[in-house]
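Inspection log for the structure reproduced underneath, given as structure tokens.
For the single chain, residues carry numbers from 1 onward in sequence order.
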Amino acid sequence: MSAEQQHRDGQAADPGPRSLAQALRERDDASLGALLRSRPDLLHPVPTDVTQLATRAGTRASVLRALEHLDRFALQAAEALAVAPDPASYQELLDLLAGDDGDEEVAGALPATVALLRERALVWGGEDRLRLVRTARELLAPSASHSSPTGLGPSVAEATSGMSPGRIQAILTAAGLPHTHDTVSAVAALSGLFADRERVAELLEGAPEASREVLTRLVWGPPYGQVTAEPAAHLRWLLDRGLLLPTTPGTVVLPREAALSLRGGRAHRVPEPTRPRVAVAAERKPQVVDAAAGGQALAALDTVEELLRSWDEGGPAVLRAGGLSIRDLKRTATVLEVPEPVAAFWVELAYAAGLIASDGGYVEEHHDRHDRPDADAEGYEDEETRDARTRRRSGEAEHYAPTPEYDAWRDLPPAERWAWLLEAWLPGTRAPGLIGGRDGRDRTLSALGPGLDRSPAPEVRRRVLELMAGLEPGQAPDPATLLERLRWERPLRSAGPRREPPEPPRTGVRPAYGGGVAANDPEALRTKLTEWALLEAEMLGVTGRGALATHGRALLGAEGRSEGAGAGTAPAGSARAAVVAALLAPLLPEPLDHVLLQADLTAVAPGPLVRPLAEALGVLADVESKGGATVYRFTPGSVRRALDAGRSATELHAFLDRHSRTPVPQPLTYLIDDVARRHGLLRVGAASSYVRCDDESVLDEILADRRATALRLRRLAPTVVAAQADPRTLIEGLRAMGFAPAAESAEGDVMIARPHAHRTPPRTPPAPVPDGPPAPDTTLLTAAVRAVRAGDRAATAPRKETPQAPGGLPRTSPADTLATVQAAAMTGDSVWIGHVNAEGAASQRLLAPLRVEGGYVTGYDHTADEVRTYALHRITGVAELADEPDGAEPAR
């Protein structure tokens, strides 16, 4: 037995519900919960009853969102129903999708697709009376100005609605049909002719070749064409026989019935009932994939640390419109030794993780004063906001800088630091690949600036990883087939026939990161988001050599961040982060506490170093190259930098002896001693500035040097020389002459030059911009279904006729109200009450009184499905329920 036959046999013979509300009312709780889970926008706020739920499910915004979350075949089925008769039978829908020749794949997939459309409340009705909700039909059906997404135009009846009866009769005659007595029967006869495949074929046998070519161009859409006031003969032949019908002056359309006959009954040229398969481009050992991903994860941590270290004393300034300037982005790319688009990605990732922010305090956070418990009429303004306002008034520039969270992040183990970054990357809606492109107002999109949020980004990112996880471990997907699968799962609904998507990247061709995308091209955006997800996953170490790593699969776990935890909070707030860190930790090398010193004044770190050693070595030497092993080079300038930071030559020798696995080379010892011997021999202070030295011959040498002319030096005493330059310029000038001066304070002590870390005030990471309301959890769904059921029972309970106040509330006197609720409390009956709360909002409640005392009535409120207490003076009136038929159960 075929799948469609089983589907038909399983349906009841009755015509089904008469409305969408009735169809929803007949569902069980599990089915109603499935609807609310698939369309979470229906839950905000929770509907009071099923009627309100059905009304909300038919609104334009909700239907649009539901259509956008259908796969391609489900959307094709909805589009076919939009051009089918209303209501349509299941067989009519199957014929539109499978065509006259039939299609086993379509027939096998259609029952589940119809069930999906029913579940999401887009289709309702019995087996022989399938109805698409009215809003969806209006969105998907053709109109006078545009065709259906199927490429079909209006029906004969719709296209001839404004045509004169004489013209319709003339068309009947030219088509070989007999005259009729009225327009309705004439339109029906013409529709019947065009719906008959054999008769249409006979009619076209005598058509000119040019006429048949015109129909070939219009048959798959768009079905509209332009004609002149005096159309050519081949067009006149089609117009005379109604194969082209006028819609507006100069515009004609191919009627829907004729187009379907020419198509062989298909609503779509290519039905796509089967999801495309993701092909495997390469297959590698899982151990190789994990090792490559682990190495890339370590490199990602190093890159983020280098970025934050370069901004430690204060980063680049914030543009007036927000974000980084192009010049600052180029400087950052130079520091990180990566292309600018990649540097923008790392900057955005650190920003999303809450590790960097603006120090001004007003770019990221905007609070409504009504959200503040202590807000006054003037609006709430905390200390940070006042400080930011003062900075703006004084003209002090804002800068980006690390946040206090950076210090907490830096102290975590490497695997936990990586998990922290991934917890910000996966749900983030900012798309760094857009940087450098243009927005809808033709403004350049900058890093950390506005306009980078794209709601589909996290869904695409997660779905890419899920499809990769569906392959065997070690298998790398073909990007082209991966992209085609995503297009099938989330097709872009349009007003006309589906366009061919942009050509996906060829297998083996690595797309470039960044480059932007047109603001009005959603298909190109979806393609770019997919490519960027693959590249970002590779850069972060989620994938290795194109395949998903073991710790990358753990990212797809259901447990996310605990409620109330932001993107920049410690990973301890996420069970998923803990699992990911535990899987990644064995792949990362243990930090080393030693280096290998070489005779060419270099030190080789064969792996990552422990933080104190890395920081100290970063001051004493310059990084010459990075990679699996980092090479540091010792220079006079780097040694002088360590001495300026307060380290003595003895301490430097001890430091190298302690952390070197090789003997300290003699050239390095000489270098440190030589620089230390000259360091601090000259003292520079602020008078305008001065130079002080106990060795008079050194000052004689300086005064005799022509390079000192610009410093305008003059001798004040045998050991003191004054200068007309500031201390910083004087120090730089003396160092250019080959000396090693040290700055001193007003008390004559040597000033130690240590870097001063700059931190922003505490900041909240940028919140993702969701694509609609969040998916509800099981607890919320259960409570919502109970509330809807309770409200529906209350709304549909029969009641006796009683006088009503404006708004439909029952109206009785206070004495009658008291007597009725007291009687109901004694008998256990339920009554209708009208209630006005303290805010003046009126409502009707189905109440089973339990106790009446002290001016209050307490009872079980069927509408709210809980026990409540109401003040008698706020009850407008009471209405008893109508008598139930024998055997009927009371409303509960």
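Scanning all heavy atoms of the two residues, the minimum distance from Asp829 to Pro849 falls at O-CD, 3.5 Å. Between Ala21 and Val50, the closest heavy-atom pair is O-CG1, 3.4 Å. Here the closest heavy-atom approach between residue Pro477 and residue Leu471 is recorded as CB-CD1, 3.7 Å. Scanning both residues, Ala537 and Leu465, for their nearest heavy atoms gives CB-CD2, 4.4 Å. When all heavy atoms of Pro85 and Arg137 are compared, the closest pair comes out as O-NH2, 4.1 Å. Contact between Leu70 and Leu117 at its shortest, heavy atoms only, is CD1-CD2, 3.9 Å.
Put simply, CD on Glu92 and CG on Asp128 are 9.0 Å apart, with the number rounded to the nearest 0.5 Å. Rounding to the nearest 0.5 Å places CZ of Arg120 at 8.5 Å from NE2 of His69. Distance check: Thr150 OG1 to Leu260 CG gives 7.5 Å after rounding to the nearest 0.5 Å. Arg845 contributes atom CZ, which lies 11.5 Å from atom CD1 of Ile875 (distance to the nearest 0.5 angstrom). Rounded to the nearest 0.5 angstrom, Arg811 CZ and Thr817 OG1 are separated by 9.0 Å. To the nearest 0.5 Å, the span separating CH2 on Trp124 from CZ on Arg27 amounts to 12.5 Å.
By the 4.5 Å heavy-atom criterion applied to side chains, Thr59 and Thr135 are not counted as neighbours. In this structure, the side chains of Val857 and Leu847 come closer than 4.5 Å at one or more pairs of heavy atoms. A heavy-atom distance below 4.5 Å is found between the side chains of Pro111 and Tyr90. Put simply, the side chain of Thr778 does not reach to within 4.5 Å of the side chain of Leu781, judged on heavy atoms. Between Thr113 and Asp71 there is no side-chain heavy-atom pair separated by less than 4.5 Å. Put simply, the side chain of Leu426 reaches to within 4.5 Å of the side chain of Arg462, judged on heavy atoms. When side chains are defined from C-beta on, Leu53 counts as touching Leu42, because their heavy atoms get closer than 4.5 Å. By the 4.5 Å heavy-atom criterion applied to side chains, Glu105 and Pro271 are not counted as neighbours.
Crowding of Asp777 atom CG: a count of heavy atoms from other residues, nucleotides or ligands under 6.0 Å exceeding 12. More than 12 heavy atoms of other shown residues, nucleotides or ligands fall within 6.0 angstrom of atom CZ in Arg868.
In this structure a side-chain-to-backbone donor-acceptor pair under 3.5 Å is missing from Arg256 to Leu152. Looking only at distances, a side-chain donor or acceptor of Arg461 sits under 3.5 Å from a matching main-chain atom of Gly428. Judged purely by atom type and a 3.5 angstrom limit, Arg576 has no side-chain atom pairing as donor or acceptor with the backbone of Val580. Side-chain atoms of Thr812 come within 3.5 Å of backbone atoms of Val878 as a donor-acceptor pair (strictly under, hydrogens ignored). Under a 3.5 Å cut-off, the side chain of Arg118 and the backbone N or O of Gly125 do form a donor-acceptor pair. Judged by distance alone, with hydrogens and angles left aside, the side-chain atoms of Arg39 form a donor-acceptor pair with the main-chain N or O of Ala57 at under 3.5 Å.
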Could you go through the side chain to side chain contact (heavy atoms under 4.5 Å, CB included) check for Val788 and Leu24 one step at a time? CA-CA 11 Å; Val788 171; Leu24 296 180; over 6 Å; no
May I have the step-by-step check of side chain to side chain contact (heavy atoms under 4.5 Å, CB included) for Phe73 and Val106, ending in yes or no? CA-CA 9 Å; Phe73 186 61; Val106 170; 4.0 Å; yes
Criterion side chain to side chain contact (heavy atoms under 4.5 Å, CB included) on Glu489 and Leu467, from CA distance to verdict: CA-CA 11 Å; Glu489 291 181 346; Leu467 292 175; 4.2 Å; yes
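Side-chain atoms of Arg25 and Thr51 form a donor-acceptor pair, as typed in the model, at a separation below 3.5 Å. In this structure, a donor-acceptor pair under 3.5 Å is absent between the side chains of Arg56 and Ser62.
Put simply, the residue from Arg72, Gln76, Glu79 that forms a side-chain hydrogen bond (donor to acceptor under 3.5 Å, both in side chains) with His268 is Glu79. The side-chain contact (heavy atoms from CB on, under 4.5 Å) with Arg131 is formed by just one residue from the set Asp86, Leu81, Leu20, Leu122; it is Asp86. Of the candidates Val464, Val278, Thr530, Arg485 forms a side-chain contact (heavy atoms from CB on, under 4.5 Å) with just one, namely Val278.
One finds a salt bridge joining Arg487 and Glu484 here, because a Lys/Arg side-chain nitrogen approaches an Asp/Glu carboxylate oxygen to under 4.0 Å. The existence of a salt bridge linking Arg60 and Glu138 is excluded, since no basic side-chain nitrogen approaches an acidic carboxylate oxygen closer than 4.0 Å.
Judged as a ring-ring contact (aromatic ring centres under 6.0 Å, His included), and not counting sequence neighbours, the contacts of His551 are Trp418.
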Output a table of donor-acceptor pairs, distance under 3.5 Å, between side-chain atoms of residues 29-37 and any protein atom two or more places apart or on a different chain; print 'none' if there are none.
residue, atom, partner, partner atom, Å
Asp29, OD1, Arg789, NE, 2.8
Asp29, OD1, Arg789, NH2, 3.3

